[in-house]
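The block underneath contains the structure these notes are about, expressed in structure tokens.
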Number of protein chains: 2
Amino acid sequence: MATKETAQRIIDAALQLISEKGYTAATTKAIADLAQVNEVTIFRHFGNKEGLLKTIVDKFSYNPILQKTMREEVTWDLETDLTRFSMQYFEYMMSIKDFVMIGFKESMQFPEINAEIANVPLLFKNELIHYFKEMHHKGKIREVNFEAAALSLIALNFGHFISRARLGTIVSTLPTEELIKTSVAIFSRGLTS
Amino acid sequence: MATKETAQRIIDAALQLISEKGYTAATTKAIADLAQVNEVTIFRHFGNKEGLLKTIVDKFSYNPILQKTMREEVTWDLETDLTRFSMQYFEYMMSIKDFVMIGFKESMQFPEINAEIANVPLLFKNELIHYFKEMHHKGKIREVNFEAAALSLIALNFGHFISRARLGTIVSTLPTEELIKTSVAIFSRGLTS
DNA sequence: CTCCTATGCAAGTAGTTACTTACATGCTAC
DNA sequence: GTAGCATGTAAGTAACTACTTGCATAGGAG
């Protein structure tokens with residue numbers, strides 16, 4: 001059995017349990033059991049429980065995939081572009097969902113997680129502001145507070161993400177894609193002069 | 001010392017600690033210390049730790065204050081009404097902020113908290129759909145998927161709330177009121193035919 | 001074959017947790 | 001003034017926690 005597989009199994013188990021129950025309630029024994037590993041193996045790999053968390057945080061440190069894909073294939077048609085941005089954001093957030101949930105639960109005890117997560121909207125905001133300014137320059141959107149507009153689109157998408165990730169279909173059974181498309185359509189129209 | 005005051009101090013302390021650290025990490029001893037009460041007093045009042053949580057959940061069970069204020073003073077001017085709805089929603093969420101945070105952290109272990117919190121957007125959604133239909137009937141907004149539109153406004157406002165409640169001014173220093181006004185202005189314009 | 005590394009297994013430790021019991025004390029209502 | 005109720009204090013318990021140590025074993029690399 002290679003080290004890599006074992007360490008990865010432990011990380012996966014920890015990610016799942018900590019995101020579900022929180023850091024304190026996710027015991028090393030439970031993590032070991034889920035990873036099908038002896039409890040000592042965790043300590044041999046990561047030193048202590050906090051070392052395991054730190055490894056997870058490092059693994060999820062923001063990679064600029066969202067920024068990168070946002071800059072590709074810009075059509076300079078407002079609704080088309082914003083829809084693509086929003087869908088990509090949603091998919092990206094879903095892919096790091098467990099990590100986001102850990103961030104929600106442990107931000108007070110491990111502030112560095114919070115800083116890592118705050119990075120996502122910050123970079124997204126800057127990209128959007130840049131895009132809006134360019135669009136205004138092209139005369140395709142009206143004059144508004146671009147930062148407020150960017151934050152609004154982010155809030156909108158974050159809201160959709162949390163609603164689906166946390167409440168599932170309790171609030172609505174509308175397909176996510178349809179929801180995002182409709183909301184972006186309304187938002188785009190509101191920006192057009 | 002009256003019973004009421006003591007129980008309330010315990011509840012306040014528990015609310016603070018559980019919302020900060022989570023249920024498991026908030027020990028009964030720490031709660032007792034913060035409430036300036038002997039640890040046994042907690043058990044005499046609430047039986048056990050879970051009883052304390054249940055008392056908190058009961059206390060925050062949805063009261064229809066948001067629904068009520070939404071129905072008052074409707075002007076049937078889209079931007080005016082949506083701004084008021086949004087501001088009221090934001091203030092209401094801020095007032096139950098600690099409880100919302102507990103809901104985020106403990107939803108897996110105590111599903112009934114989740115159900116309680118999902119109630120807020122559900123009722124808000126119904127009120128909004130009703131309002132949108134009426135507005136459409138009056139010819140003041142165009143034909144859209146009203147449910148999607150309602151969910152979008154909720155997502156938008158929830159996003160603003162979480163951003164401020166969780167990240168503070170890391171992402172932006174724009175005043176909340178200005179942010180809400182701008183986002184509602186864009187959204188309203190997008191709904192107008 | 002023979003190291004070496006990763007892992008399992010067994011046993012244990014010191015600290016913490018939720019919770020209990022028994023008894024003392026002080027305030028309030030009658 | 002005394003009976004009763006809410007609270008404090010002290011001591012303890014059983015279970016669980018993160019973490020350690022020593023030894024056995026299996027598989028791969030040289």
Side-chain angles (χ1 to χ4, degrees), chain A residues 1-59 98 102 105-113, chain B residues 1-59 98 102 105-113:
Chain A
M1 242 182 291
T3 302
K4 211 176 175 181
E5 291 165 21
T6 305
Q8 190 57 49
R9 279 212 316 281
I10 294 170
I11 288 174
D12 290 343
L15 195 58
Q16 181 185 326
L17 286 181
I18 297 177
S19 72
E20 278 175 8
K21 309 178 165 192
Y23 179 77
T24 310
T27 67
T28 51
K29 188 177 183 316
I31 294 170
D33 286 350
L34 185 62
Q36 285 179 294
V37 158
N38 194 286
E39 195 182 356
V40 279
T41 305
I42 293 180
F43 295 103
R44 289 200 263 243
H45 270 275
F46 306 98
N48 53 33
K49 196 182 176 183
E50 207 171 324
L52 174 54
L53 216 214
K54 289 234 162 86
T55 305
I56 291 177
V57 176
D58 285 347
K59 254 205 151 182
D98 283 349
I102 292 179
K105 289 176 200 202
E106 312 304 336
S107 58
M108 289 292 210
Q109 321 208 48
F110 303 97
E112 64 271 24
I113 302 182
Chain B
M1 240 182 292
T3 302
K4 211 176 175 181
E5 291 166 20
T6 304
Q8 190 58 47
R9 278 210 318 281
I10 295 171
I11 288 174
D12 290 343
L15 195 57
Q16 181 185 326
L17 287 180
I18 298 176
S19 72
E20 278 176 9
K21 310 178 165 192
Y23 179 77
T24 311
T27 65
T28 51
K29 189 179 183 312
I31 295 170
D33 286 351
L34 184 63
Q36 286 179 291
V37 158
N38 196 286
E39 197 182 355
V40 281
T41 306
I42 293 180
F43 295 103
R44 289 201 263 242
H45 270 275
F46 305 99
N48 52 33
K49 197 183 175 183
E50 207 171 324
L52 175 53
L53 217 214
K54 288 235 162 85
T55 305
I56 291 177
V57 175
D58 284 348
K59 254 205 150 182
D98 283 349
I102 292 179
K105 290 175 203 209
E106 312 303 338
S107 58
M108 288 292 208
Q109 321 207 50
F110 303 97
E112 63 271 25
I113 302 182

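Each chain gets a letter, A, B and so on, in the order its sequence line appears, and its residues count up from 1.
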Original post:
Once you round it to whole Å, what is the distance between P of C:dA6 and CZ of A:Arg9?
Top reply: 15 Å
**OP:** Determine the contact category for B:Val40: base if any of its heavy atoms lies under 4.0 Å from a base atom, sugar-phosphate if only primed atoms, P, OP1 or OP2 are that close, otherwise nothing.
**Re:** base
Original post:
Under 4.0 Å between a side-chain N or O of B:His45 and OP1 or OP2 of D:dT7?
Top reply: yes
**OP:** Taking the side chain as every heavy atom from C-beta outward, state whether A:Lys59 and A:Gln8 have any pair of such atoms under 4.5 Å apart.
**Re:** yes
Original post:
Atom CZ of B:Arg44 to atom P of D:dG4: distance rounded to whole Å?
Top reply: 18 Å
Original post:
Given atom CD of B:Glu50 and atom C1' of C:dC19, what is their separation to the nearest angstrom?
Top reply: 14 Å
**OP:** For residues A:Val57 and A:Lys54, determine if any side-chain heavy atom of one lies less than 4.5 Å from a side-chain heavy atom of the other.
**Re:** no
Original post:
Of A:Phe43 and B:Asn38, whose closest DNA chain D nucleotide lies nearer the 5' terminus?
Top reply: B:Asn38
Original post:
Rounded to whole angstrom units, what separation is found between the CD atom of A:Glu39 and the P atom of C:dA11?
Top reply: 16 Å
**OP:** Indicate yes or no: at least one non-hydrogen side-chain atom of B:Phe110 is less than 4.5 angstrom from one of B:Ile102.
**Re:** no
Original post:
Whole Å only: how far is the CG atom of A:Asn48 from the C1' atom of C:dG15?
Top reply: 16 Å
**OP:** Please tell me which of the listed nucleotides, D:dT7, C:dG8, C:dA18, lies nearest to the side chain of A:Thr41?
**Re:** C:dG8
Original post:
Looking at A:Thr6, does any N or O in its side chain come under 4.0 Å of the phosphate oxygens OP1/OP2 on C:dA6?
Top reply: no
**OP:** Can you tell me the distance, in whole Å, between the CD atom of B:Gln36 and the P atom of D:dT7?
**Re:** 14 Å
Original post:
Has A:Lys49 got its NZ or CZ under 6.0 Å from the middle of the six-membered ring of A:Phe43, at an angle within 45 degrees of the ring axis?
Top reply: no
Original post:
How close or far is atom C1' of C:dC19 from atom CG of B:Leu52, stated in whole angstroms?
Top reply: 14 Å
Subject >> Separation of atom NZ in B:Lys29 from atom C1' in C:dT20, rounded to whole Å >> reply: 17 Å
